[in-house]
Amino acid sequence: MMRQAGFSTCFVGIESSEDACLNECHKTQNQGRDLIQSVKIMQRKGFNVSGGFIIGFDNDPVDIFDRQSRFIQKSGIVTAMVGLLNAPLGTRLYERLKKEKRIIAGITGNNTDGILNFIPKIPPAVLINEYKSLMKKIYSPKLFFERIRVFLEEYRGPFENLNASPFSSLRSFVLVLLKLGVLKKDGKFYFWKLFWYTLFNYPEKLRMALTFAVYGYHLQRVAESI
């Protein structure tokens, strides 16, 4: 019904691949299911799934950063929005951490700025540094373009409206090839690898692949600035 109504993209709050963390944040609807397969079902129905993930739960295992990275890659979620846990005023989380004397500041409103407003179980310096490394890792050209490929293999149309003027489409096409395939300092190999793979295997998805490549150019810069 959502597809029939014209929806093609949706945001899903996955939060964590770890059941103990989902229980901690009362995300019971995500428990007892194969989350990666749930995402792939949506992709096969014609949705580009954006996913929200949180790092910093009390129940995060020490290798949570690698686990989140592997989950994101396997799911084919191209735009994975990973943030540090924050405790907003008035929430059950805030009240619990306040009772435990772990609240240290108010929130900034941006959970990707590398700032915590509570004392986590993982040493703060380790948590922040590993979070920054995770963001740079998942938006590195190699992993990002591999993730687009995973998505393309699952996605089952419909595809974008191709009614844009030929000049506009051709101009955009040439600019993307020039910017990402020639002028960009890093990632050119992976860009062209995705380009030729898509062209030969899923030519009808080429515009979608190039659109994601442009997203990656932006998101890589965001990750590097954290």
Side-chain angles (χ1 to χ4, degrees), residues 1-3 5-61 63-97 103 106-118 120-122 127-128 130-139 143-144 147-148 150-151 154-155 212 215-216 218-219 222-223 226:
M1 291 172 65
M2 287 178 66
R3 282 299 315 150
F7 289 94
S8 60
T9 301
C10 60
F11 176 85
V12 179
I14 295 173
E15 319 311 350
S16 179
S17 57
E18 305 304 307
D19 195 67
C21 296
L22 294 174
N23 188 60
E24 179 183 332
C25 66
H26 307 287
K27 198 81 173 187
T28 55
Q29 65 268 38
N30 284 8
Q31 294 180 283
R33 66 174 69 236
D34 186 327
L35 290 172
I36 290 179
Q37 286 306 311
S38 295
V39 169
K40 290 184 180 296
I41 288 172
M42 299 178 74
Q43 293 167 339
R44 292 171 196 147
K45 292 292 184 179
F47 287 97
N48 167 27
V49 179
S50 296
F53 299 86
I54 296 294
I55 296 286
F57 290 115
D58 285 355
N59 286 293
D60 275 342
D63 61 344
I64 185 60
F65 310 98
D66 288 334
R67 293 190 185 202
Q68 289 283 48
S69 176
R70 289 196 299 270
F71 181 95
I72 291 168
Q73 289 303 118
K74 290 180 180 179
S75 70
I77 294 177
V78 178
T79 50
M81 302 173 66
V82 185
L84 285 172
L85 181 66
N86 275 272
L89 182 66
T91 61
R92 286 182 292 180
L93 174 63
Y94 182 93
E95 294 304 319
R96 176 172 71 82
L97 294 176
I103 294 293
I107 64 172
T108 65
N110 178 5
N111 69 347
T112 64
D113 58 9
I115 298 175
L116 297 165
N117 79 319
F118 73 102
K121 290 294 181 69
I122 298 175
L127 177 59
I128 292 171
E130 290 293 338
Y131 166 70
K132 292 179 179 180
S133 296
L134 173 62
M135 290 295 288
K136 291 179 174 62
K137 179 179 180 179
I138 64 174
Y139 286 113
L143 292 189
F144 183 76
R147 204 153 65 245
I148 295 176
V150 172
F151 169 79
E154 295 293 339
Y155 183 78
F212 283 139
Y215 289 178
H218 166 72
L219 293 168
V222 171
I226 295 175

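Given the structure is predicted, the values throughout are model-derived calculations rather than measurements. Note that the numbering runs from 1 along the sequence shown for the chain.
Of the inter-residue distances, the one linking Ser75 atom OG with Gln37 atom CD reads 10.5 Å to the nearest 0.5 angstrom. Expressed to the nearest 0.5 Å, how far CG of Leu134 lies from CZ of Phe65 amounts to 7.5 Å. The CG atom of Leu116 lies 10.5 Å from the CD1 atom of Ile103; values are rounded to the nearest 0.5 Å. Taken from CD1 in Ile107 to CG in Leu85, the straight-line distance is 10.5 Å, to the nearest 0.5 Å. Considering OG of Ser16 and CG of Asn30, their distance stands at 9.5 Å, rounded to 0.5 Å. Note that the OG1 atom of Thr9 and the CE atom of Met2 stand 9.5 Å from one another [nearest 0.5 Å].
Contact detail for Gly13 and Lys27: the closest heavy-atom pair is O-CE, 2.9 Å. The shortest heavy-atom contact between Thr79 and Tyr215 is CG2-CD1, 4.0 Å. Residues Lys136 and Ile226 share a closest heavy-atom pair of NZ-O, 3.8 Å. Between Asn111 and Tyr131, the shortest heavy-atom distance links the atoms O-OH, 3.9 Å. Minimum heavy-atom separation, Asn48 to Tyr155: N-CE1, 4.5 Å. Across all their heavy atoms, Gly76 and Val150 have their closest contact at CA-CG1, 3.7 Å.
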Ser8 and Arg3: CA distance, side-chain angles, deciding distance, side-chain contact (heavy atoms from CB on, under 4.5 Å) verdict: CA-CA 6 Å; Ser8 60; Arg3 282 299 315 150; 3.1 Å; yes
Test log, rule side-chain contact (heavy atoms from CB on, under 4.5 Å), inputs Ile77 and Ile14: CA-CA 11 Å; Ile77 294 177; Ile14 295 173; 3.6 Å; yes
Steps toward side-chain contact (heavy atoms from CB on, under 4.5 Å) verdict (Ile122, Ile55): CA-CA 10 Å; Ile122 298 175; Ile55 296 286; 5.8 Å; no
Derivation and outcome, side-chain contact (heavy atoms from CB on, under 4.5 Å), residues Asp60 and Lys121: CA-CA 9 Å; Asp60 275 342; Lys121 290 294 181 69; over 6 Å; no
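Within the 4.5 Å cutoff, no side-chain heavy atoms of Gln68 are placed close to those of Val82. Under the 4.5 Å side-chain criterion, counting only non-hydrogen atoms from C-beta, Asn23 is in contact with Gln31. Residues Glu154 and Val49 are not in side-chain contact: their nearest non-hydrogen atoms beyond the backbone lie 4.5 Å or more apart. Counting heavy atoms from C-beta on, the side chains of Ile138 and Arg147 come closer than 4.5 Å. With contacts defined as side-chain heavy-atom distances shorter than 4.5 Å, the pair Leu22/Leu35 qualifies. Contact annotation: the side chain of Ile72 never approaches that of Ser69 to less than 4.5 Å [non-hydrogen atoms, C-beta and beyond]. You'll find the side chain of Val78 reaches within 4.5 Å of the side chain of Phe144, heavy atoms only. Side-chain atoms of Lys137 and Asp66, non-hydrogen and from C-beta on, do get closer than 4.5 Å to each other.
Side-chain N or O atoms of Glu24 include one that pairs as donor or acceptor with a backbone N or O of Asn59 at under 3.5 Å. A donor-acceptor pair is defined here as one N or O able to donate and one able to accept, closer than 3.5 Å; no such pair exists between the side chain of Asn117 and the backbone of Ile115.
Sequence neighbours left out, the pairs with a member in residues 10-61 that pass ring pair (Phe, Tyr, Trp, His ring centres under 6.0 Å) are Phe53-Phe71. Sequence neighbours left out, not one pair with a member in residues 73-84 passes salt bridge (charged side-chain N to carboxylate O under 4.0 Å, His left out).
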